[in-house]
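Following: one structure in structure tokens, then a few remarks.
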Amino acid sequence: MKKLLSYIFLLVISNLSAQQRPKLVVGIVVDQMKMEYLYRYQSDFSDNGFKRLMNDGYTFQNMQYNYMPTYTAPGHASIYTGTTPATHGIVGNEWFSRKLGKEVYCTDDFATQTLGDGDKEEGQMSPKNLQTTTITDELRLATNFKGKVIGMSLKDRGAILPAGHFANWAFWYSKTGAFISSTFYGTVLPSWVTQFNNEKHFLTYINKGWDLLKPVSTYNESLPDDSIYEGKLNGVKPLFPYDLKSMFSVKNDAGILRYTPYGNDLLEEFAKKTIEYEQLGKDDITDFLTISFSSTDYIGHILGPRSMELQDTYLRLDETIADFLIYLDKNVGKGNYLMFLTADHAGAENAKFLNDNKYNVINVESKEIIKGLKKFSTDMFGDDLVLNYSNFNLFFNREKLKTKSLDLNKVKQAFKDYLITQDQVKRVYSEEEILANGGNDYYLNCIAKGYDATQNGDLIVLDKPGYIEYGATGTSHGTPYSYDTHVPCIFYGWNIKKGECYVKKAITQITPTLAQKIKVAFPNGTESEVLTEILDK
């Protein structure tokens, strides 16, 4: 009897030891997803997608971004590094670098070459601009590079930044309809990727076109089809059904799939093939798969948050996630995988829609802001001192300032005085104010967390709530206001209890929590604050 009890004890201890990490971690980022969409469309979701995650997992109802600007590249980098742009260095999707004196794209790497059927520029990418490690990097180090890490997205930045510096592969979608990569990761694409590309799965979706998934009466959470707040979808009137075959034939550009829910479906197909051929989650060494669903962002930008197209995209994404969960249950095993789902940012309401409903806000296009800045500069100083205005950053031409013997601080103050007179502007902060931030000003604190002194501007502009630096149709994001910062955060699967929390949390808490959960080192720039709710036994 004693021997039997000892054997059972050892068996239990052995099993507990083997479960120190899940077989597979799956990180899902939904591009431009507001937390509110989970509420707005809830009655139309199935029981097996978003609802399954929320009902059986742990939901943080008040997850917020804690910096500005809230864009795609900084969002993905911040989720996976556990820190903000001020530390990880990805201060925008593209930005004017003061240090280099030119515009930089977040994942550009001209020392690399495209792998696969894509244009030269599409694949010249790597994570070299990311200044800190990621949770995926730390998993690779913790397993002595035995645990596999693969990232994927329709966007290069959505694949590369989450996968980190040590990834086995990152794959992103080309306008040719193929998934491509770069020589940063290897010398030739895996044969199964080439086979998948040769099968031209994208054509299946293009040939069937895009119509509503459910009866039109289902879409009562949205404005009527083809509202005045919607832009044209790839030059076509925004009206169901969409003849994708005709749209594709005009430009022979498979990139059209990005602007439909089918971009997400194709990515899920590719994810399942990745798990199968790369044998992810098949042994006791933890692997990590990062997936970023981008179609939601493309559609949101063009058609806006009140469009039937966006609602249809989320109803279809719900089905896609349900299907993927079933696949993981079968091929990795229930309880063997740990999943989290979040977003890289949320998104604003269309300003014209708000104005038409008696909220006194407007949209202001960047080109008009730049035009006004240049006119003020010429009128005030007799020359155009504006080197660049982008991402709410204003850069001055310091060479011209020297030539004209102008004092930089006086120029800054003059431009601040001008900007504060503009309808959309709430505050303007100088570099000195940002770097001296004492933490008492909430918005200044958000700006400071997104500010890298070697890359950002002389002045940072904060617009008023509701105003948007964008066109009259569709929507955008970038501010520190809740409509851009409030995103979903759900943990599900391995060692995750059911529950929910309404306390405000920061997006930078996801990665250190994962590090504690799967017993790996913190990424080297992380702020190290954790979500104790899913760590407490």
Side-chain angles (χ1 to χ4, degrees), residues 31-32 34 65 67-75 85 90-97 103-106 157 228-231 297-306 344-356 359-377 386-396 415-430 434 443-444 446-447 449-451 455-486:
D31 206 323
Q32 202 189 120
K34 299 157 73 83
Y65 274 85
Y67 64 83
M68 171 184 162
T70 41
Y71 294 138
T72 295
I90 304 298
V91 296
N93 294 333
E94 58 277 313
W95 61 91
F96 185 86
S97 172
E103 188 170 273
V104 172
Y105 180 67
C106 57
R157 54 189 181 268
I228 61 172
Y229 312 111
E230 299 175 20
D297 184 70
Y298 287 108
I299 294 165
H301 272 296
I302 293 177
L303 300 168
R306 298 282 162 179
D344 55 345
H345 51 75
E349 292 284 359
N350 176 276
K352 184 170 176 17
F353 166 74
L354 294 177
N355 190 278
D356 288 346
Y359 181 11
N360 187 27
V361 295
I362 59 171
N363 69 289
V364 185
E365 298 197 42
S366 292
K367 63 183 180 181
E368 293 301 316
I369 296 173
I370 295 168
K371 183 178 175 182
L373 286 166
K374 289 179 177 292
K375 183 179 186 307
F376 167 77
S377 182
V386 177
L387 185 60
N388 183 273
Y389 177 79
S390 55
N391 298 341
F392 310 104
N393 282 248
L394 175 57
F395 296 82
F396 295 120
F415 272 87
K416 285 180 73 174
D417 293 342
Y418 160 76
L419 283 163
I420 209 69
T421 67
Q422 304 303 295
D423 286 344
Q424 79 276 12
V425 176
K426 186 172 185 65
R427 297 178 191 172
V428 184
Y429 296 102
S430 68
I434 295 166
Y443 295 114
L444 177 55
C446 286
I447 289 169
K449 284 179 175 289
Y451 190 88
Q455 302 187 100
N456 283 103
D458 296 293
L459 297 176
I460 301 286
V461 178
L462 175 66
D463 290 338
K464 295 173 183 173
Y467 284 76
I468 186 170
E469 292 190 12
Y470 201 62
T473 57
T475 191
S476 193
H477 44 85
T479 76
Y481 299 120
S482 61
Y483 50 78
D484 284 339
T485 63
H486 189 197

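We're numbering straight along the sequence, starting at 1. FYI, side chains are in, hydrogens and waters are out, and symmetry mates aren't considered; it's all heavy atoms of this structure.
Each of I468, V425, D423 was checked for a side-chain contact (heavy atoms from CB on, under 4.5 Å) with D463, and the lone residue meeting it is V425. Paired with Y229 under the rule side-chain hydrogen bond (donor to acceptor under 3.5 Å, both in side chains), one option of D356, T475, T473 passes, and it is D356.
In terms of heavy-atom proximity, P69 sits nearest to G450 at CD-O, 4.3 Å. Between A73 and R157, the closest heavy-atom pair is CB-CD, 3.9 Å. Pairing each heavy atom of I420 with each of D417, the nearest pair is CG2-O, 3.4 Å.
You'll find the side chain of M68 reaches within 4.5 Å of the side chain of L462, heavy atoms only. Residues E365 and E469 fail the side-chain proximity criterion, which asks for heavy atoms closer than 4.5 Å.
For the atom pair L419 CG and Q424 CD, the distance stands at 8.0 Å (nearest 0.5 Å). Once rounded to the nearest 0.5 Å, the distance linking OH of Y65 with OG1 of T70 reads 9.0 Å. A distance of 11.5 Å separates CD1 in I299 from CD in E230, rounded to the nearest 0.5 Å. Put simply, CG on N360 and OH on Y467 are 5.0 Å apart, with the number rounded to the nearest 0.5 Å. Taking NZ of K416 as the start and CG of L394 as the end, the distance is 12.0 Å to the nearest 0.5 Å. We find the CG-CZ distance between L459 and F396 to be 4.5 Å, quoted to the nearest 0.5 Å.
For E349, the salt bridge (charged side-chain N to carboxylate O under 4.0 Å, His left out) partners at least two apart in sequence or on another chain are R306. Taking the ring-ring contact (aromatic ring centres under 6.0 Å, His included) definition, one finds that Y359 meets it with nothing, sequence neighbours left out. Legend: residues meeting ring-ring contact (aromatic ring centres under 6.0 Å, His included) with Y298, ordered by chain and number and at least two apart, are Y259. Looking at residues two or more places apart in sequence or on another chain, you find no salt bridge (charged side-chain N to carboxylate O under 4.0 Å, His left out) involving K426. By the ring-ring contact (aromatic ring centres under 6.0 Å, His included) test, Y389 is found to be paired with no residue, residues two or more places apart in sequence or in another chain being considered. Residues passing the salt bridge (charged side-chain N to carboxylate O under 4.0 Å, His left out) test with K464: none are found, sequence neighbours excluded.
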**Asked** Taking it one step at a time, do F415 and V386 satisfy side-chain contact (heavy atoms from CB on, under 4.5 Å)?
**Response** CA-CA 10 Å; F415 272 87; V386 177; 4.0 Å; yes
**Message:** Evaluate I434 against I460 for side-chain contact (heavy atoms from CB on, under 4.5 Å), listing each step before the verdict.
**Reply:** CA-CA 9 Å; I434 295 166; I460 301 286; 3.4 Å; yes
**Item:** side-chain contact (heavy atoms from CB on, under 4.5 Å) assessment of I90 paired with W95
**Value:** CA-CA 9 Å; I90 304 298; W95 61 91; 4.2 Å; yes
**Message:** Go through it in stages, so that I can follow the logic: the residues are N393 and N388, the test is side-chain contact (heavy atoms from CB on, under 4.5 Å), and I'd like the CA-CA distance, side-chain angles, deciding distance and then a yes or no.
**Reply:** CA-CA 8 Å; N393 282 248; N388 183 273; 5.9 Å; no
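A donor-acceptor contact shorter than 3.5 Å links the side chain of N363 to the backbone of Y470. A donor-acceptor pair under 3.5 Å links the side-chain atoms of Y67 to the main chain of P74, judged by distance alone. Between the side chain of N350 and the backbone N or O of A472 there is at least one donor-acceptor pair closer than 3.5 Å. Side-chain atoms of D344 never come within 3.5 Å of backbone atoms of G75 as a donor-acceptor pair (strictly under, hydrogens ignored). Under the 3.5 Å distance criterion, the side-chain polar atoms of K34 are matched with a main-chain donor or acceptor of G347.
H477 and H301 have tilted rings, their planes meeting at an angle from 30° to 60° on a 0 to 90° scale. Between Y483 and Y481, the two ring planes are tilted [angle within 30° to 60°].
Here the two rings, on Y451 and Y429, have centers that are 6.0 Å apart or farther.
A donor and an acceptor atom, one from each side chain of D484 and T479, are located under 3.5 Å apart.
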